[in-house]
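To start, the structure itself, in structure tokens.
Since the structure is predicted, the reported quantities are computational estimates derived from the model, not experimental observations. Naming convention: chains lettered A, B, ... in sequence-line order (proteins, then strands); numbering from 1 in each chain.
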Amino acid sequence: MAKTKVLERKPLSFAEKTFLPQIVSGLKTTFGTMLSKGVTLQYPEERPVIPDNYRGVPTLVRDPNGREKCVSCQLCEFVCPPKAIRIIPGEIDADAEPDRAHVEKAPKEFDINMLRCIYCGLCQEVCPEEAIFLQDIFSLSGYSREEMINDKEKLYELGGTLPDKHFKWDKKKAAEQAGNAHH
Amino acid sequence: MEILEASLPYLMPVVYAVAMISVFMGLCSYSVLAERKVSSWIQGRVGPNRTRVPLIGHIPILGNLMTGLGLFQPVADGLKFLFKEEIVPGHVNKAYYYLAPIVALAPALTTMVVLPFGRYVDADGITQPLVLANVDVGMLIILGISSLGVYGIVLAGWASNSKYPFLGGVRASAQMISYELAMGLAILPVFLWSAAPGSEYGMNLFGVVQSQQSAWLIIWQPLSALIFLVALFAETNRLPFDMAESETDLVGGFHTEYGCFKFGLFFVAEYAHVIMGSSIFVLLFLGGWNFLPWLADPWGAGLFGTLLSVGWFMAKVFFMIFFFIWMRWTLPRFRYDQVMSLGWKILLPLAVGNLVFNTILIALYDTFTR
Amino acid sequence: MKIESIVENITINIDGQDVDVPKGINIIEAVKMAGKGKEVPHYCYHPKLSIAGNCRMCMVEMGMPMRDRTTGEAILEEDGSPKIGWMPKPTIGCATNASPGMHIRTHSDMVKESRNGVTEFLLINHPLDCPICDQAGECRLQEFSAEHGRGYSRFIEDKNVKPKRTRLGPRVTLDDERCILCSRCVRFSKEIANDDVLGFVDRGTYSTLTCYPGKELAHNYSLNTVDICPVGALTSTDFRFKMRVWFLKRTHSICTESSIGANTEIWSREGKIYRITPRRNDEVNDTWMTDSGRDLFKPIESEDRLTHYTIEGVHTTCDEAAASVVKLIQAGDVALVGSAHSSVEEQFFYKQIADRSGAKVSLVSHQGEGDGLLLSEDRSPNLRGALVTGLITDLPEASLETLACEINSGAVKTIFAVNEDLTELGISKEALAKVNVIYVGTHANATSEVASVVLPSLSVFEKDGTFINQSFRLQRFKAAVPGPRGIEPDYTVLEKIAAPLSQEKPASLTIDLVWERMAPKISQFDDSFRWRSLPDDGVALNASAFLDLDFVETKNLKYDPAAFKEAHAAPVEA
């Protein structure tokens with residue numbers, strides 16, 4: 001049993017009992033804040049600074065060569081907690097895109113339902129190809145439900161190009177051409 | 001022509017009255033803007049800064065400045081109130097429901113009549129007040145009529161026929177009664193001194209202002225000023241005494257059931273009372289249009305001097321309005337029982353004591369100086 | 001009599017625990033039998049194929065109790081337990097048979113290290129394709145790499161490059177880089193499919209799987225190589241890049257291609273079927289099935305699917321359609337053309353309808369060439385069901401000429417056709433025009449076009465039920481995907497027809513209620529049989545009542561008519 005110590009409250013002085021000095025100091029405080037700079041941003045004209053690790057709207061990115069990075073492994077679709085991502089995988093047409101044929105697989109359709117997305121960033125974390133990123137887009141709106149479903153084209157438009165220099169698939173192709181083949 | 005000249009004495013007061021009401025209503029709407037702007041500054045916000053009137057708003061630098069200060073906002077606010085759909089709840093007592101906003105606003109406008117707002121020097125070199133009706137019982141009229149404003153609130157609360165407005169109305173009337181006493185008692189010493197034996201000023205409001213040419217009354221009657229100020233806050237239903245509205249516990253208080261222009265009238269009435277209260281406080285305690293304590297008025301005798309005196313008076317009023325707003329965001333709202341005990345247990349005895357003390361003082365002064 | 005009971009059991013010791021296993025079983029199976037989720041990882045070993053022992057993944061430590069060479073007495077440890085002489089190096093589990101007293105360690109340091117080494121070697125030239133590889137999620141290499149691998153690569157040289165998209169046959173595409181040379185596919189083609197088309201060429205790390213020159217992997221069992229491929233090397237051209245396997249729901253089903261009744265798994269997602277794979281049942285199909293059987297799901301989404309109950313071509317409700325069928329049947333002179341594609345439950349209801357209406361029942365046989373493996377001559381899944389439920393007592397004919405005569409003579413006024421296109425069975429369209437046709441089926445055809453009442457039914461992928469296969473094995477299938485909107489299960493529709501025929505009120509049925517009603521009425525069924533509690537690998541029924549019938553099936557993988565007759569003629573009571 002802890003010993004309880006009763007602290008006596010200091011009796012109020014006469015000035016304190018009138019509350020007038022307190023009111024005056026309160027007035028000082030409010031006057032001070034009135035002169036200090038406001039924190040409001042004039043939103044549409046002024047935009048907040050978005051930190052690098054901000055988790056905004058998920059987007060698909062292209063590599064510096066302008067090719068799509070996503071190979072539709074569907075891990076993001078699998079990991080997505082609210083099931084916002086929907087991918088229909090497809091095969092890359094070797095005749096139509098010979099320089100990308102060695103990647104073999106790319107999404108035919110890639111939809112992210114932004115009405116479902118909870119911006120958790122698991123898709124970015126799980127992506128083995130570093131193709132999906134939650135970038136700095138924070139204001140997304142639309143007039144209809146359909147509009148809020150970002151399709152592949154929109155996702156690439158929002159995502160842009162990722163200036164990384166991995167070139168995993170280029171290396172793969174180089175190996176295929178100059179590499180270790182027996183024949 | 002003769003008819004015009006003959007009717008001039010009757011016509012001129014009407015013209016003056018209309019002019020004064022116009023100015024006064026303009027002040028009301030801009031004090032609404034001031035409230036919004038000052039509130040946002042105190043809270044670190046920006047406040048209304050988007051409304052732009054077509055032509056004036058597009059003057060290169062000035063237009064942007066005025067827009068940024070929200071100077072066109074009252075126009076938008078007023079138009080919004082005018083064009084909103086008139087919604088009258090089905091359960092209200094219609095006649096009183098419509099009457100209430102008018103009753104709330106009318107007293108504030110009426111008291112203006114006896115309010116001196118400047119001075120001029122007439123042809124005979126005698127300083128005269130700028131006032132619609134220069135009567136000796138001015139203060140009495142103001143006290144009497146402005147208290148009627150509470151009927152608007154009570155009426156609104158009762159006519160709305162619903163719980164929250166009713167509670168708001170009841171609170172407002174109780175509060176009004178409680179503080180009216182302290183208020184009246186607080187200013188008695190002021191008039192006792194100004195109408196003391198041997199004094200040349202009398203009970204006239206103009207006289208009270210003139211008596212403050214050397215020392216403002218706030219300096220040698222600080223207790224009266226404090227009691228009057230607190231009671232003024234309570235009378236105008238301003239924070240920390242806005243028990244009648246009290247959004248946190250009564251939704252909107254007496255005007256919960258009101259919308260559109262009728263609500264707008266209540267809104268304007270509140271600010272009309274604030275302006276009236278500020279003006280009276282300035283007249284009674286802050287020296288009216290007198291320049292500074294113990295400094296002779298620099299206003300000349302001409303028209304320019306008259307305008308300067310009016311301007312100085314208005315500046316003081318504006319400061320008081322600002323003070324009302326400033327106080328609003330500094331103090332939290334009282335609990336209702338605190339309001340009552342402050343009024344009855346502290347302010348009223350204090351005011352009585354103050355009156356007795358001053359009476360004795362005047363009696364001693366009268367006895368020993370003559 | 002079960003075969004296991006003949007085999008002598010021996011006791012071996014696995015990780016310090018004595019386990020009884022059949023004599024001659026190999027270590028991989030013995031460890032599996034020991035239970036507790038214990039497993040010896042392996043790639044090349046497959047229970048239904050010969051043992052190659054070339055992947056070296058199933059390394060275990062083995063030891064035998066030591067005996068004194070001179071006296072033959074067991075050498076004991078100090079505490080009295082027998083001293084174990086451990087082999088100095090690990091041995092492969094697949095090619096090591098259990099012998100009495102054998103000691104096995106599956107988790108010792110040496111075993112772990114050898115698995116780790118094997119995994120590292122296998123991964124040296126394996127591409128990092130997992131994101132695009134269809135095997136991901138069911139890949140043994142992926143699983144064992146996670147479990148036994150080191151987690152990072154020490155290989156800094158260039159990986160081998162091999163062809164990525166080789167067409168091995170019409171249904172199989174090969175990614176040579178992913179191949180780990182386990183030779184399961186080679187052995188399967190040779191031993192099971194009897195079509196020796198696959199082999200390895202080149203040496204060392206350049207070894208490559210190819211078809212023999214001039215041949216291709218085109219036999220009807222080629223997709224089984226895809227199933228048994230432990231990695232993503234052999235891929236189904238049809239399923240390639242369609243859907244990741246972890247999204248797919250597996251539903252146990254039965255193949256309807258022939259009377260084999262191969263056990264299958266339907267892989268579906270959100271009402272769409274993506275593939276069908278075999279399910280192991282050692283009594284029916286081992287772990288195989290035909291390629292042709294895997295395509296059977298494709299017609300369920302076709303355009304000519306019947307999706308509405310119709311009366312004279314006008315859409316109506318199920319109740320009204322059933323009522324109009326009842327009216328037609330009650331008018332008399334009904335002929336019922338049943339189907340060996342219907343489930344046992346449906347045939348039970350058709351039998352009821354036939355009994356209550358006095359309809360004459362005929363059934364049509366569908367026959368084709370058998371391949372002696374998993375495609376039998378009888379191309380209907382449930383002919384035995386029609387016999388067991390009593391819908392027919394004799395084997396069906398190939399056509400309906402007698403029925404055609406009866407139509408022409410006016411003896412038949414209403415034909416109740418189930419799933420059969422009568423115009424292809426000897427009844428002309430002109431003849432059909434003379435009678436009222438009630439058609440029950442999944443797809444539109446010439447008969448459904450002239451039918452007065454069309455009752456759309458569900459395909460085997462969309463309903464619950466049972467089939468009885470060639471060896472009178474009662475096998476259960478479950479609904480994998482929902483049927484077309486508004487289509488009720490056949491047995492509820494048939495109840496709405498059968499009940500009014502005997503002045504009863506139709507009950508609302510579930511598959512369990514159907515079985516409660518049906519099980520006691522069929523002599524071959526045990527009264528306690530319930531659909532829900534049937535074992536996954538089916539129940540062998542007593543076939544003695546039907547041995548005189550001359551079934552068309554010849555010897556195939558698990559069925560030999562002569563041996564079957566012999567075994568069932570004089571049932572031995574156990």
Side-chain angles (χ1 to χ4, degrees), chain A residues 4 6-57 114-115 118-119 135-144 147-148 158, chain B residues 34-52 64-65 67-70 218 222-223 225-230 232-234 238-241 319-335 338-339 341-343 345-347 349-350 353-354:
Chain A
T4 319
V6 180
L7 289 173
E8 284 300 328
R9 201 172 186 175
K10 193 163 68 80
L12 296 178
S13 66
F14 176 75
E16 281 167 341
K17 276 181 186 164
T18 63
F19 286 98
L20 291 178
Q22 277 68 36
I23 290 174
V24 170
S25 72
L27 287 171
K28 256 194 275 180
T29 306
T30 42
F31 197 77
T33 55
M34 191 173 102
L35 296 182
S36 64
K37 202 179 170 303
V39 292
T40 311
L41 280 178
Q42 294 295 319
Y43 169 62
E45 295 92 23
E46 291 174 35
R47 299 277 174 155
V49 180
I50 305 296
D52 285 342
N53 57 355
Y54 185 79
R55 299 201 304 248
V57 172
M114 291 317 296
L115 297 168
I118 56 169
Y119 302 87
Q135 297 196 33
D136 57 356
I137 304 161
F138 57 87
S139 66
L140 184 88
S141 52
Y143 289 105
S144 63
E147 223 173 297
M148 294 303 286
L158 293 175
Chain B
E35 170 98 270
R36 294 180 63 181
K37 239 8 202 180
V38 172
S39 302
S40 56
W41 288 334
I42 286 177
Q43 293 162 3
R45 294 187 285 114
V46 177
N49 63 341
R50 293 291 162 121
T51 319
R52 198 186 282 271
N64 280 345
L65 187 70
T67 308
L69 283 174
I218 194 169
L223 192 58
L226 181 68
I227 297 170
F228 183 75
L229 188 64
V230 173
L232 200 61
F233 270 92
R238 291 285 302 181
L239 262 165
F241 293 101
F319 170 77
M320 277 310 293
I321 294 171
F322 167 73
F323 183 75
F324 267 87
I325 299 164
W326 184 14
M327 195 55 100
R328 174 176 182 186
W329 298 111
T330 303
L331 295 183
R333 181 183 292 123
F334 282 117
R335 219 166 54 211
Q338 291 170 332
V339 173
S341 67
L342 178 70
K345 292 186 186 165
I346 298 170
L347 291 187
L350 214 54
N354 186 34

Quiz prompt | Side chain / backbone / both / neither for A:L35 at chain B, heavy atoms under 4.5 Å | solution = neither

Quiz prompt | Proximity breakdown for B:I346 and chain A, heavy-atom pairs closer than 4.5 Å | solution = neither

Practice problem: Can you tell which part of A:Q42 gets under 4.5 Å to a heavy atom of chain B, answering side chain, backbone, both or neither? | Solution: both

Self-check item: B:K37 side chain vs B:V46 backbone, donor-acceptor pair below 3.5 Å
Solution: yes

Exercise. Return yes if some donor-acceptor pair links the side-chain N/O of A:E16 with the main-chain N/O of A:L12 below 3.5 Å, else return no.
Key: no

Quiz item: How are the rings of A:F138 and A:Y54 set relative to one another: parallel (under 30°), tilted (30 to 60°) or perpendicular (over 60°)?
Solution: perpendicular

Quiz item: Would you call the rings of B:F322 and B:F319 parallel, tilted or perpendicular if under 30° counts as parallel and over 60° as perpendicular?
Solution: tilted

